[in-house]
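Protein chains get the first letters and strands the later ones, always in sequence-line order, with residue 1 at the start of each. What's counted below: heavy atoms across the whole structure, side chains too, no hydrogens, waters or symmetry copies.
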Amino acid sequence: MPELPEVEHLRRTLTKRIVGRRFESVAVRRREVITTERDPPGGFSRDQSGAAPSRLFTRELLAGDRVATLKRLGKQLAIIGESGRVVCVHLGMTGQLVVIDHNADIGAHAHVVWTVDNGTIMVFRDARRFGGVWTYLHEQSLRETRWNTLGPDALHVTGDELRSVLHRSSRSIKSALLDQHVVAGVGNIYADEALFDACVRPTRRCAAIRAAEFERIGGCVRATLARAVTRGGSSIRDYVDSEGRAGRGQLDHAVYGRGGLACVRCGEPLESGVVASRTTVWCRGCQR
DNA sequence: AGGATAGCCTGCGGGC
DNA sequence: TGCCCGCAGGCTATCC
């Protein structure tokens with residue numbers, strides 16, 4: 001389940017693979033996952049599934065373009081071509097962006113396949129299709145029409161930024177942290193982990209949180225995500241590294257997935273329930 | 001109008 | 001062994 005750390009890890013590894021390389025062509029196997037600036041709200045009008053993709057359409061997907069740079073905001077990744085065109089990828093829950101040999105199996109749910117000029121292909125897969133691909137003619141369009149509604153990136157968010165937006169809000173702090181308009185990049189796992197680190201209960205109303213606590217929450221959000229980035233994204237289940245060792249993901253999680261188990265801080269059983277429509281785990285004793 | 005909730009979508013694991 | 005059900009959850013639309 002990709003959150004900010006997985007997307008940042010993807011950005012770094014993908015940079016080595018495709019920056020400076022040229023996309024020779026692109027194959028669209030499921031048109032619905034793509035939204036172009038020409039598509040009206042609610043669905044696409046042209047280039048319907050089954051129809052041969054237009055030249056304009058494939059160029060919007062960077063066919064014939066060379067990759068200049070990769071940028072990230074929150075959980076979204078922007079692939080920017082030398083032409084200035086942009087492909088923005090959002091992985092949602094089950095999305096993947098992988099670079100593999102052009103002879104390799106593209107796998108199930110492969111919706112878009114780019115052919116790279118060095119014998120590899122880049123594949124966008126997404127079983128549940130909560131993710132997608134958005135194209136823009138300029139980075140400015142991406143920032144003005146899609147990224148403009150996102151809050152500050154979670155790796156850099158400050159307690160002041162959180163407090164100024166939330167200090168009058170009646171919603172729970174967990175619901176606020178999950179809201180990408182408030183802060184971009186926090187998902188269910190790291191929301192619980194950051195709140196545990198900050199000793200703040202997920203159900204606390206934002207309006208009842210003091211400035212010093214907002215500072216602590218901001219600091220813990222940054223630290224939790226930064227630590228996960230250095231480990232290549234810790235929320236990947238079943239992760240096995242190149243030597244076959246199991247990932248350290250579970251060890252990194254103090255509360256997520258540990259409902260009923262002993263709190264790592266006080267030893268009491270962790271509480272589990274639904275907050276903001278999400279499974280949530282916290283410690284009654286440590287978090288106030 | 002802010003905030004809570006339904007629905008989208010598929011894989012997987014538990015129970016029978 | 002196989003089927004069914006519930007759950008996982010980021011985000012948008014919709015309702016209250």
When the nearest nucleotide of DNA chain B is assigned to A:S170 and to A:R278 on a heavy-atom basis, which residue is associated with the more 5' position?
A:S170

A:L150 CG to C:dT12 P, straight-line distance once rounded to whole Å:
9 Å

CG of A:L73 versus C1' of C:dG10: gap in Å, rounded?
15 Å

Would you say A:Y256 places a side-chain N or O within less than 4.0 Å of OP1 or OP2 belonging to C:dG9?
yes

Given C:dG9, C:dC11, B:dG3, the nucleotide with the shortest approach to the side chain of A:Q180
C:dC11

Whole angstrom is fine here: how far is it from CG in A:D192 over to P in C:dG9?
9 Å

Can you tell me the distance, in whole Å, between the CG atom of A:L178 and the P atom of B:dG3?
14 Å

Between C:dA8, B:dA4, C:dG10, which nucleotide has the shortest distance from any of its atoms to the side chain of A:R205?
B:dA4

Verify the contact: side-chain N or O of A:H109 to OP1 or OP2 of B:dG11, cut-off strictly under 4.0 Å; return yes or no.
yes

Between A:T94 and B:dT10, is there a contact of a side-chain N or O with OP1 or OP2 at under 4.0 Å?
no

Think A:T279 has a side-chain N or O under 4.0 angstrom from the OP1 or OP2 of C:dA8?
yes

How far apart are the closest heavy atoms of A:T135 and A:E37, and which atoms are they?
O-CG, 3.5 Å

Rounded to whole Å, how long is the line connecting atom OH of A:Y190 with atom C1' of C:dG10?
15 Å

Under 3.5 Å, is there any donor-acceptor pair linking the side chain of A:R128 to the base of C:dA8?
yes

Is_stacked (A:F130, B:dC8) at 5.5 Å, 30 deg:
yes

Tightest non-hydrogen contact, residues A:G259 and A:S272, listed as CA-CB, 4.1 Å

Starting from P on C:dA8, measure out to NE2 on A:H253 and report it in whole angstrom.
15 Å

Whether A:R129 contacts B:dT10 is assessed here as follows: a side-chain N or O lying under 4.0 Å from the phosphate OP1 or OP2. Is that the case?
yes

Nearest whole angstrom, please: distance from the C1' of B:dG3 to the CG of A:D179.
10 Å

Take the protein atom NZ of A:K174 and the nucleotide atom C1' of C:dG9, then report the distance between them rounded to whole Å.
10 Å

In plain terms, say whether A:E82 and A:R22 are close enough for a salt bridge, that is, a side-chain N and a carboxylate O under 4.0 Å apart.
no

State whether A:K71 and A:E139 are salt-bridged, where the test is any N-O pair (Lys NZ or Arg NE/NH1/NH2 against Asp/Glu carboxylate O) under 4.0 Å.
yes

A:R216/A:D197 salt bridge by N-O under 4.0 Å criterion
no

Between C:dG10 and A:H90, is there an OP1 or OP2 to side-chain N/O distance shorter than 4.0 Å?
no

